[in-house]
Amino acid sequence: MGLFLVLLGALMVFKAQLIWQLTEKWKSNDGTEPSDFYMLNTRVGGVIFTLVGSALFLVAILLG
């Protein structure tokens, strides 16, 4: 689970535009590009996912 969160978080941080195209573009009337606020939120969420995933991965290694 931790590895999945790290990979998803990295994708959200480095490819936020791709995340928008896959999940939100169809909801937009003009469908041109995501807002700056969306990009910021996606990247912050990606950092959080990466940190939580890293912690889960580390705990699994230490306890397992």
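- Across all non-hydrogen atoms, the minimal contact from Gly53 to Leu5 is CA-CB, 3.7 Å.
- Leu11 contributes atom CG, which lies 8.0 Å from atom CG of Leu22 (distance to the nearest 0.5 angstrom).
- The OG1 atom of Thr42 lies 14.5 Å from the NZ atom of Lys15; values are rounded to the nearest 0.5 Å.
- Cluster note: Leu7 groups with Leu3 through ILVMFWY side-chain heavy atoms spaced under 4.5 Å, whether in direct contact or through intervening members.
- Closest non-hydrogen pair, Met12 versus Gly45, comes out as CE-C, 3.8 Å.
- Closest of all the heavy-atom pairs between Gln21 and Lys25 is O-CB, 3.7 Å.
- In this structure, CD in Glu33 is found 7.5 Å from CH2 in Trp20, a value given to the nearest 0.5 Å.
- Clustering of Ile, Leu, Val, Met, Phe, Trp and Tyr by side-chain heavy atoms under 4.5 Å joins Phe14 with Val13, Val47, Leu51.
- Taking hydrophobic clusters as Ile, Leu, Val, Met, Phe, Trp and Tyr residues chained together by side-chain heavy-atom distances below 4.5 Å, Leu8 shares a cluster with Ile48.
- Annotation: side chain to side chain contact (heavy atoms under 4.5 Å, CB included) contacts of Val59 (sequence neighbours excluded): Leu63.
- Under the 4.5 Å side-chain heavy-atom criterion for ILVMFWY residues, a single connected hydrophobic cluster contains both Phe49 and Phe4.
- With sequence neighbours left out, Glu24 forms a salt bridge (charged side-chain N to carboxylate O under 4.0 Å, His left out) with Lys27.
- Scored by the side chain to side chain contact (heavy atoms under 4.5 Å, CB included) test, Phe57 finds Ile61 as partners (sequence neighbours excluded).
- When the side-chain hydrogen bond (donor to acceptor under 3.5 Å, both in side chains) test is applied to Ser28, the partners found at least two apart in sequence or on another chain are Asp30.
- Within the 4.5 Å cutoff, the side chain of Tyr38 has heavy atoms near those of the Ile19 side chain.
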